[in-house]
Structures are given as C-alpha cells and as structure tokens.
Amino acid sequence: MAEYSALEKIRLQKIEELRAEGIDPYPTRAERTHTSAQVIAEFEAAGISTDPAANEVKATLAGRIRASRAMGKVSFAHIEDSAGRIQLFFRINELGKDRVDFFNRMFDLGDFIQASGVMFRTKTGEITLHVHDFKLLAKSITPLPADKDVTQEDGTVIRYAALESPEIRARQRYADLAVNPEVRETFRKRAALIKALRTFLDDHEFLEVETPILQPLYGGAAARPFMTHHNELEQDMYLRISFELYLKRLLVGNLERVYEIGRDFRNEGVSFKHNPEFTQLEFYWAYADYLQVMELTEQMVAYAAEEVTDSTTVKFGEHVLDFKPPWKRVEMRQGILETSGIDFAEHKTAEALFKAIKHKQPKAAPDPKSTRGKLIDFLLSEFLEPTLIQPTFLYNYPRDISPLAKSIPGDPLTVERFEGYVAGFELCNAFTELNDPLDQEQRFLEMGRDYAADDKEKHPLDEDYLRAMRYGMPPNGGFGMGVDRLAMLLVNKHSIRDVLLFPALRQEEFGE
RNA sequence: GGGCGCGUAGCUCAAUGGCAGAGCAGCGGCCUUUUAAGCCGUUUGUUGAGGGUUCGAGUCCCUCCGCGCUCACCA
C-alpha cells in the first residue's frame, strides 16, 4: 500500500468531498473542441475579420492545471495540453461566487480540467478563455514536482527550480514529461527520426520486415545475450543481439532490399552510449558493395537530420556537426598511422604489433594477450576515434575482427568494411557481406576458437544460416546503425538515457 | 565488477560535530485582468537504511541500498 504524504492526504480528502457532493472526480468522457494551439490560431484568424459576429470564438478546452492565481472574485489559471499552454479566466459575473470558490477550493496544480467559454484578450494581451462552465476531468493526488522558484529577499538572486534529479527523471519519466515540455519535444524528434529513416528506405525500394526477437541461437555480433527458456518446446532461447543473420537469409530468398528497425538486446555494461536494449536499424542491399552503402548512408543520415532539425548542420555540445554529403573518408591504416605513428601493415603478427605500440606509445596499455585485430582496434579507439568529430567514414578493417565481411580482392587480411564516426563515437557499421558459404563456415570456426581460448561462452555456430548461404546468396552490402545514438546527435543529448523513454535502471524497492 | 562523488521537506537547495532551515508548493485569510501575481499568517522531516565513535552526528567511521561520473567489458 502506498504511504500518503500530508499533501496527498489533503487531496484525497478533496476527492471524498467531491464524491459527497455527487461529483465524479474521474468522469468517463471529455468534450474538448480545440487544443490550445488550435483555439489560439482560430482566435487570431477571427480577429482579422471585419464581421463582429465572426469574432466570437467559442471553445471547450481540456488540459492539466499548471499554474493558478486566485484573486478574490476572479481567478486565473494556465492549463497545459500536448500543444502548449493557455490561460483560463474565471469571474463571478458569469460563474457566480460559489463556482469560483469551488474552483479555488477543489482544484489543484496537476488536475485535469475541462473549461468552456469564449476567447478574449486580457489587458496585458494574452489570449485567454473566458470560462462560462468547467468540470474536473481527473483529480491529481500526488503533486507534480514543482517547476519554478523565486526571487530572494535581497532581490537579486533569482533561481528556477525544476525536476532535475536524473534518477527521478529517468525512473518517473511520466513526471519528467509532465513538467518538462522540452522532454516531450525530444521524443517527438525521436519519432520524427524513425519516421524519416523509414521513409528514406521505403523510397529507395527497401522492404521493411520483421524477424525473430526470440531466437534459438544468437549471432551477427559479439555481445553476450540475454537467455530465456521456452517451456513447451523445452529449449533455451535468446533475445537477439543483432538482426544480421536473419535479414541475410532473406536475400537468399530473393528479397533484394530489406531493412528492419527494432530492438536488440545485449547483456553488457551500461554507459552513456549503451543500454541493454537499444534500437537498431539494419539494411541489406543485393548487388551493392560497401562503397555504395557508404553513399546511401550519408544521404540517409543527412535526410534524417534535415527532417528532424530542418538542417543538415546540427549543434552537438561544443561542436557543430555537418551531415551534408560527402562525409570525410579515412582509410583505417592511414588514420591510425597519422594519429598514433604506427603503421600496422608493417607488423604482421600480434607480437610484432604489440612491440611497436609499446615502442611508439609507451604510455598506452594494450592487453598483451590481444590478437592482432584487437590491437588494431585498440589503436583505433585510443588514438583515432577521439579525433573523428565531423561525420567520417573509417574504412578497410582487419579481417580477424570482421567475421561476416568480405575480404578486399588481393588483400586477404583486410575486409571491405566501414564504420561511421560522429562526435568521437561509432554511429554505424557496414560491409560488403561475405556470401561464400565455405569461407563463412571457416570464419565461424575460427571465431569459435577465439572465444574458446578466451574461456568465455563459445559463439554458437549457426548451421541453418550456412545452409541458407549454400543455396546461394547474392553479393550484397549490409548496414547497421544505433538509432538511439543518431537520436542523441540530432537532439543534442549526451546520454542515451535522455533519448530512451524508459532507460534500464536497477529495480526500485517499494518497501513493505 | 573497480575508482571517485552524491543522497536533507513535494521541488530546488542551506546548515564549523552543538535547537534541521530558506524559497517555491501546501494550508488559513485579503484581493474583479493576473501571469515567476501581491500582502498577512501558518504547517510540513525515519536527514536513503542499519550499525559505531561522541556529552552531543545531517556532518566523523563501517556495512548496505540507489543514482551520477569514470574505468573495465562491449566486432
């Protein structure tokens, strides 16, 4: 059972009084005719007319009370709906003293109210509803976190209070949304982003598909999975860590361009750019290679930026990011050479590369047990990544950290792969997909060996995927992107939690 | 998982080891065009939880819980 605070007890008392007076504090229906924005637009348009009769704008509005000022025989209140705020004006002339008193006595900040009347402009010019009738739509028991503060006695110190606790904002997103309109705006932009990505891919003749979230095997990435169990089938199942292997099966089935936007689940650490479940976009494009995917990517992201922010240049922290194509392209070997002074191509084994790193960068601390690919990855994240602020494609990756990508012709150690970096972090990852089933089987086996050597869970070998490949898979380019990360960039938020409505948090204790 | 930091009223925050406070919100008044309304009066606390040191703990120590930052992990 909830423990009620003193403030809540007062409001519960009001609910009882309302019921005693025969008033339902939670009536079933509302009769709104306009949103706040609609009625303001209509009133402004009517004002232009020369016909006085057309100037009267009647409306029934509904929303949450966010401010109220009782002044004896008149009262003002502001209500908020999803479109904005609008002022209500209550006066005894129209309503009578009892009704105005009733409003002042029984209505609290946070309550939902419906009010009917005629629009007018106050002395100070604010477009306001002159209330002729009103009713309670829903009583609020728990006060919303107050969202303002005051002038101090010395007259100089001014402070605004708002709901700021990151924990409460994330845990009680409903309260955060209710009191922080800019949070609502963030999530509208997120929705616009996903819509834009969909529109772009639809317009490029990609087919949107849905593949299993609950999978008998997991694959397509190197993360640890969440496990569960199907009782009736008596088998363990996994939440997917990527869509890749299912989407590529569809290419075998002659669906030439497919994409999916959905949730991936990775049982890994949580950080400002990692949440255990996150939204991924992947597409696969038959007869294309990674260079074509690169061009489509920069067009798609620029289109999304334009749709969401009306511009391809976006402010992100101290940076102004420019998504306009073409993005900068940096060959990985070259980029690492320029930022770390090490040319990994000259060091063909892990031991040699490790020595070179210790020699050139004595302060760096790579793991001595790393494979050569891991060492290159270390150089990338340590030296090159932080320099990649403007959208940049980093391309040509070491083969042994890219088991699903195709080698560059004539260069078996390097694969046709790129990652898009923005603001120093990875946004997307793509390659010319490996479509040779025999090579793929070999890579899976190598990967299994790596994992076994690591004494971690062995990566499962997906026999059904290999069977699909053996029917023949067209050459194709594939792409994956963290949609939450793109959302962060476009709304200028520096934590993934700020673009997730309900980010993962430890279970809250509610006590006995 | 490691390191650092934080947790005080509904919200934002104070309080040298010495009476737990302020503003807003709330409650009671006054006020017929206010809008961060104003004026008068007034209530509100398991200081995250538990233990310890001390004449005395919000403050110092220990354990636990939660959150933040960071490192590790993370193709």
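The chains referred to below are lettered A, B, ... by the order of the sequence lines, with proteins before strands, and numbering in each begins at 1. The figures that follow rest on heavy atoms only: side chains count, while hydrogens, waters and symmetry mates do not.
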Closest to side chain of [X], choosing from [options]:
X: A:His274; options: B:G66, B:C74, B:A37; result: B:C74
X: A:Arg171; options: B:C74, B:G66, B:U32; result: B:G66
X: A:Arg224; options: B:U32, B:A25, B:C73; result: B:C73
X: A:Met71; options: B:A25, B:U33, B:C67; result: B:U33
X: A:Ile168; options: B:C27, B:C11, B:G68; result: B:C11
X: A:Thr128; options: B:C74, B:U34, B:U33; result: B:U34
X: A:Glu268; options: B:G66, B:C74, B:U34; result: B:C74
X: A:Arg497; options: B:U32, B:C69, B:U33; result: B:C69

Could you please name the partner base of [N], counting Watson-Crick and G-U wobble pairs only when both distances are under 3.5 Å?
N: B:G38; value: B:C30
N: B:C4; value: B:G68
N: B:A20; value: none

Task: Atom-pair distance (NE2 on A:His130; P on B:U34), nearest Å - done: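 Rounded to whole Å, this separation is 14 Å.
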
Open item on the list: How many whole angstroms separate atom NZ of A:Lys14 from atom P of B:G28?
Closed with: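 Value for this atom pair: 7 Å.
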
Regarding [X], tell me which of base, sugar-phosphate or nothing describes its non-hydrogen contacts under 4.0 Å with the strands shown.
X: A:Phe89; result: base
X: A:Ile10; result: sugar-phosphate
X: A:Ala170; result: nothing
X: A:Arg417; result: sugar-phosphate

TODO: Please state the C1' separation for the pair B:G41 and B:U47 - nearest whole angstrom.
DONE: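 So the two C1' atoms sit 28 Å from each other.
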
Task: A:Asp436 with A:Lys406: basic N within carboxylate O range, under 4.0 Å - done: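 Salt bridge between A:Asp436 and A:Lys406, a charged N being under 4.0 Å from a carboxylate O: no.
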
Open item on the list: Is it the case that B:U34 (base atoms only) and A:Gln87 (side chain only) share a donor and an acceptor within less than 3.5 Å, ignoring hydrogens and angles?
Closed with: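 Checked by distance alone, the answer is yes.
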
Task: N/O (side chain, A:Arg69) to phosphate O (OP1/OP2, B:C31) under 4.0 Å - done: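 Checking A:Arg69 against B:C31: no side-chain N or O falls below 4.0 Å of OP1 or OP2.
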
Task: 5' precedence on RNA chain B between A:Val270 and A:Asn93 (nearest-nucleotide basis) - done: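 Between the two, 5'-proximity favours A:Asn93.
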
TODO: Starting from the 5' end of RNA chain B, give me the residue, A:Asn104 or A:Glu382, whose nearest nucleotide shows up first.
DONE: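 Nearer the 5' end of the strand: A:Asn104.
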
TODO: Evaluate the salt bridge (charged side-chain N to carboxylate O under 4.0 Å, His left out) criterion for residues A:Glu331 and A:Arg329: first the C-alpha distance (whole Å), next the side-chain angles of each, then the deciding distance (0.1 Å), finally the verdict.
DONE: CA-CA 7 Å; A:Glu331 211 254 326; A:Arg329 282 148 166 81; over 6 Å; no

- [ ] Please check if any side-chain donor atom of A:His130 sits under 3.5 Å from a side-chain acceptor atom of A:Glu94, or the reverse.
- [x]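 Note: A:His130 and A:Glu94 side chains meet the donor-acceptor criterion.
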
- [ ] Could you tell me whether the side chains of A:Arg497 and A:Asn275 share a donor-acceptor contact shorter than 3.5 Å?
- [x]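 Per modelled atom types, A:Arg497 and A:Asn275 side chains form no pair under 3.5 Å.
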
Open item on the list: Quick one, A:Arg266 and A:Leu239 - any side-chain contact, counting heavy atoms below 4.5 Å?
Closed with: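 A side-chain contact under 4.5 Å is absent here.
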
TODO: Mind telling me whether A:Phe425 and A:Phe316 have parallel, tilted or perpendicular rings, with 30° and 60° as the class edges?
DONE: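 Perpendicular: the ring planes of A:Phe316 and A:Phe425 meet at over 60°.
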
